Protein chains: 2
Amino acid sequence: MLNETMASLSQNCSDCPIRHRAVCARCDADELSRLEEMKYYRTFEAGQTVIWSGDRMDFVGSVVSGIATLTQAMEDGRTQMVGLLLPSDFVGRPGRTGSPYNVVATTDLIMCCFRKKPFESMIERTPHIAHRLLEMTLDELDAAREWMLVLGRKTAREKIASLLAIIARRDAALQLRGTTGPLVFDLPLTREAMADYLGLTLETVSRQMSALKRDGVIELQGKRHVTVPDFDLLLEEAGDDSDGGLLV
Amino acid sequence: MLNETMASLSQNCSDCPIRHRAVCARCDADELSRLEEMKYYRTFEAGQTVIWSGDRMDFVGSVVSGIATLTQAMEDGRTQMVGLLLPSDFVGRPGRTGSPYNVVATTDLIMCCFRKKPFESMIERTPHIAHRLLEMTLDELDAAREWMLVLGRKTAREKIASLLAIIARRDAALQLRGTTGPLVFDLPLTREAMADYLGLTLETVSRQMSALKRDGVIELQGKRHVTVPDFDLLLEEAGDDSDGGLLV
DNA sequence: CGCGCTAGTTGATTTGCGTCAAAGCCCCTG
DNA sequence: CAGGGGCTTTGACGCAAATCAACTAGCGCG
C-alpha cells in the first residue's frame with residue numbers, strides 16, 4: 001500500500017513546471033510548451049474562499065502549495081467536507097460550468113490555473129492527458145466511496161483514528177519513509193475542520209483525541225503536533241482491515 | 001434538474017446494441033463493429049454475488065437489465081453500500097485488476113461485458129469513448145460526494161426522504177414525466193438494503209418510513225409500492241435546497 | 001502587563017438512533 | 001388449509017454522540 005502511495009505521488013513530476021501529475025507533460029515537449037503559455041497563478045490567503053458553490057467557474061487548476069477543502073453545505077448551516085486538496089491535486093471539471101462545492105483555502109494557497117476553454121481543447125488533442133485525468137478521477141471516486149464507509153458505519157473513535165491514519169500515511173509517503181517506527185506529523189486541520197470531515201461535532205473530536213491520547217494510541221505536543229508510536233495499533237483502532245486508501 | 005437527468009439518461013443510445021452510454025458508438029461505425037465482436041453477456045440471479053471485493057477482475061461491463069449494488073464491508077460485518085448499478089451503468093476499472101467492492105445482484109441481472117485487455121486498447125484508440133468515460137466518472141464522483149453530505153450530516157428522517165427523492169426522480173425521468181403531480185414507484189430495495197445505503201439500521205428505516213407515512217409525506221401500498229403526493233414536500237423533508245443530484 | 005480573542009478542552013444533560021425482543025404480514029409449499 | 005420462513009413493523013430500553021455551558025491555553029496587541 002505504501003509503495004502504491006509513493007508510486008502515485010511520484011507521478012508528480014518534480015521538474016515539470018506545471019507541477020501536476022495530471023498535466024505533467026514530460027513525455028511530450030510540444031504539449032509542455034503549449035501548457036506553459038496557457039498557465040497563470042492565483043494566490044489566496046488562509047480562510048479565503050476560492051470558489052463558492054454554484055459560482056461560474058471558468059478555469060481549472062491544481063494546487064501548487066497550501067491546503068484547501070471542498071465542502072458542501074445545507075442551508076441551515078450544517079456542512080460536510082467532501083475532499084481535501086493538497087499540493088498536486090486538481091480542481092475543476094472540464095465540461096461543467098458551475099462548481100457544486102465551496103472551495104476554501106485553509107492555509108495560504110498558490111494555485112496554478114488554466115482557462116477552461118483552451119484546457120479542454122488541449123485535452124481533446126492529447127489523449128495521454130485525458131487518460132491520466134480519468135485515472136485520477138477514478139482514484140478520487142474510490143477514496144470518496146471509502147469515506148462513505150467511514151461516515152456511515154464507523155464510531156467516533158474509529159473515525160478519528162481513520163483520519164489520523166490517512167494523514168500519517170500521506171505524510172510518511174511524502175517524506176519517502178515507511179510506516180514502521182513512530183510517525184510524527186502536524187495536523188493540517190482545526191478540530192472543527194476535522195469534525196466537518198468526519199460528520200461529528202468539534203467537541204466529540206476533542207474528546208476522542210483526548211481518549212486516544214489517554215490510551216497511548218497517539219501522543220500530543222500542543223494541539224496540532226502528533227506522534228503515532230505504533231501505526232498498526234492506530235489502524236486497528238480505525239477498524240481497518242484493508243490498509244485504507246488515499247483519501248486524496 | 002429534471003431536464004439534466006433526462007439528458008443524461010438519453011445519452012444511452014436506445015438503438016445501439018451495446019446499450020451503454022459510455023461505449024455507445026453510434027457516431028463511429030468502425031468502433032461499433034469492433035465492439036460487437038468483443039462483447040459477451042453474463043447473467044446472474046437475484047442475490048448472487050457478481051464480484052467479491054479483492055477478486056481479480058478481468059472484465060468490464062455495463063448493466064443491461066436488473067439492479068446491482070456496490071458495497072464495502074468491515075471484517076466485523078458492518079457494511080456500507082457505496083453505489084447502485086442500474087441499467088446502463090458501468091462497472092469495472094480500466095487499469096486496475098482487483099475490485100475494491102462487493103458487487104451483488106439484487107434482482108435478476110444481465111450484464112454486457114468486455115474482456116479488459118481489448119477494451120483498454122480500444123479506449124486508447126478511441127478518445128471519444130475515453131472522454132465519455134471521464135464524464136461518467138465525474139458524475140459518479142459528484143454523486144458520491146453528495147451522498148457524503150447525506151451520510152455525515154442528515155438525520156434518519158432526512159436520509160430516508162433523500163433516498164426516496166432520488167429514486168422518485170430517477171423513476172420520473174425514466175418515464176419521461178416531470179416531478180409535478182403525484183409520483184408512484186416501486187422501491188427496488190429491501191429495508192435492509194436501504195439501511196446499508198443510508199448508514200442506518202433496518203429498524204430505523206422502518207420506523208422513519210412509518211413516520212413519513214403517518215405525516216402524509218408518502219403513502220404506502222404494501223411494502224414496496226410508494227406514492228409521493230407532493231414532491232416538493234418530500235424535498236423539504238430531505239433538507240434539500242439544491243434539488244439533489246443523480247445518485248447514479 | 002493586562003486585555004481580548006480564538007481554538008481547544010472538559011463537564012452535565014439530553015436525545016436520536018441502535019439493540020434486543022416479540023409479533024405481524026405475506027408468499028410458498030406440502 | 002396449516003405450517004414455515006423471509007421480510008417488516010412495533011415496542012422497550014440503553015448508549016453514543018449532540019447540545020449547552022463553563023473554563024483553559026495560547027497569542028497578539030495596545
Side-chain angles (χ1 to χ4, degrees), chain A residues 45-47 67 69 74 76-80 104 106-107 150-164 186-215 218-226 237 239, chain B residues 45-48 69 74 76-80 104 106-107 150-164 186-215 218-226 237 239:
Chain A
E45 286 172 24
I67 296 177
T69 59
M74 297 172 64
D76 62 7
R78 282 177 280 178
T79 64
Q80 173 67 50
V104 181
T106 57
T107 65
V150 174
L151 289 172
R153 292 300 184 193
K154 291 196 177 178
T155 64
R157 175 185 260 244
E158 288 169 333
K159 285 179 176 180
I160 300 283
S162 299
L163 181 57
L164 292 175
D186 283 313
L187 279 173
L189 301 171
T190 65
R191 298 288 184 268
E192 187 181 15
M194 292 173 70
D196 275 347
Y197 216 155
L198 297 166
L200 298 170
T201 59
L202 64 99
E203 293 96 327
T204 300
V205 171
S206 180
R207 266 185 256 277
Q208 295 300 334
M209 290 286 286
S210 301
L212 288 173
K213 179 182 174 188
R214 174 171 38 74
D215 299 345
I218 59 173
E219 288 153 27
L220 283 172
Q221 289 84 38
K223 292 164 181 179
R224 300 294 192 88
H225 198 72
V226 181
E237 289 288 347
Chain B
E45 287 172 23
Q48 231 184 321
T69 59
M74 296 173 64
D76 62 7
R78 284 178 278 178
T79 64
Q80 173 68 48
V104 181
T106 58
T107 64
V150 173
L151 289 173
R153 291 300 183 194
K154 291 195 178 181
T155 65
R157 176 185 259 244
E158 289 169 333
K159 285 179 176 181
I160 301 283
S162 299
L163 181 57
L164 291 175
D186 283 312
L187 280 172
L189 301 171
T190 65
R191 298 288 185 268
E192 187 180 15
M194 292 173 70
D196 275 346
Y197 215 154
L198 297 166
L200 299 169
T201 59
L202 65 100
E203 293 94 329
T204 299
V205 170
S206 180
R207 267 186 257 276
Q208 297 299 334
M209 289 286 286
S210 301
L212 288 173
K213 178 182 172 185
R214 174 172 37 74
D215 299 344
I218 59 172
E219 288 153 29
L220 283 172
Q221 289 84 38
K223 293 163 179 179
R224 300 293 191 88
H225 197 72
V226 182
E237 289 289 345

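Predicted, not measured: the structure shown is a model, and the values here were computed from it. Basis for what follows: all heavy atoms, side chains included, without hydrogens, waters or symmetry-related copies. Just so we're on the same page: letters track the sequence lines, and every chain starts at 1.
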Query raised in the report: Which one, D:dA18, C:dT9, C:dC17, comes nearest to the side chain of A:R191?
Result: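 Selected nucleotide (nearest to the side chain): C:dT9.
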Query raised in the report: Between D:dA17, C:dG18, D:dC20, which one does the side chain of A:L200 approach most closely?
Result: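 The answer is D:dA17, which lies nearest to the side chain.
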With side chains defined as the heavy atoms from C-beta onward, is the minimum distance between [X] and [Y] less than 4.5 Å?
{"X": "B:E158", "Y": "A:M74", "value": "yes"}
{"X": "A:L189", "Y": "A:D196", "value": "no"}
{"X": "A:R78", "Y": "A:Q80", "value": "no"}
{"X": "B:H225", "Y": "B:L220", "value": "no"}

Length of the [atom1]-[atom2] vector between [X] and [N], whole Å:
{"X": "B:I160", "N": "D:dT9", "atom1": "CD1", "atom2": "P", "answer": "10 Å"}
{"X": "B:R78", "N": "C:dC17", "atom1": "CZ", "atom2": "C1'", "answer": "15 Å"}
{"X": "A:L198", "N": "D:dA18", "atom1": "CG", "atom2": "C1'", "answer": "15 Å"}
{"X": "A:E203", "N": "C:dA12", "atom1": "CD", "atom2": "C1'", "answer": "13 Å"}
{"X": "A:E192", "N": "C:dG8", "atom1": "CD", "atom2": "C1'", "answer": "11 Å"}
{"X": "A:L202", "N": "D:dT19", "atom1": "CG", "atom2": "P", "answer": "10 Å"}
{"X": "A:K159", "N": "D:dA18", "atom1": "NZ", "atom2": "P", "answer": "7 Å"}
{"X": "A:R214", "N": "C:dT9", "atom1": "CZ", "atom2": "P", "answer": "14 Å"}

Does [X] have a side-chain nitrogen or oxygen under 4.0 Å from the phosphate oxygens OP1 or OP2 of [N]?
{"X": "A:T204", "N": "D:dA17", "answer": "no"}
{"X": "A:S210", "N": "C:dT10", "answer": "yes"}
{"X": "B:S206", "N": "D:dT8", "answer": "no"}
{"X": "A:R207", "N": "C:dG8", "answer": "no"}

Query raised in the report: Should B:E237 and B:R157 count as an ion pair when the cut-off is N to O under 4.0 Å?
Result: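 A salt bridge is present here (some side-chain N lies under 4.0 Å from a carboxylate O).
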Report which part of the nucleic acid [X] touches: base, sugar-phosphate, or nothing (heavy-atom distance under 4.0 Å, all strands).
{"X": "A:R153", "result": "nothing"}
{"X": "B:G199", "result": "sugar-phosphate"}
{"X": "B:T190", "result": "sugar-phosphate"}

**Report entry** Comparing A:R157 and B:L220 on DNA chain D - which has the more 5′ nearest nucleotide
**Finding:**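 So the residue in question is B:L220.
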Query raised in the report: Of all heavy-atom pairs between A:Y197 and A:L151, which one has the smallest distance, and what is that distance?
Result: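 Nearest heavy atoms, A:Y197 then A:L151: O-CD2, 3.6 Å.
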Query raised in the report: Is it the case that A:S206 and A:E203 place a side-chain donor and acceptor less than 3.5 Å from each other?
Result: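 No donor-acceptor contact under 3.5 Å links the two side chains.
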**Report entry** Under 3.5 Å: donor-acceptor pair, side chain of A:R153, backbone of B:L200
**Finding:**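 Indeed, once roles are kept as given, a pair shorter than 3.5 Å links the two residues.
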Could you list, one pair per line, each protein nitrogen or oxygen that sits under 3.5 Å from a nitrogen or oxygen of nucleotides 25-27 of chain C, together with the distance?
none

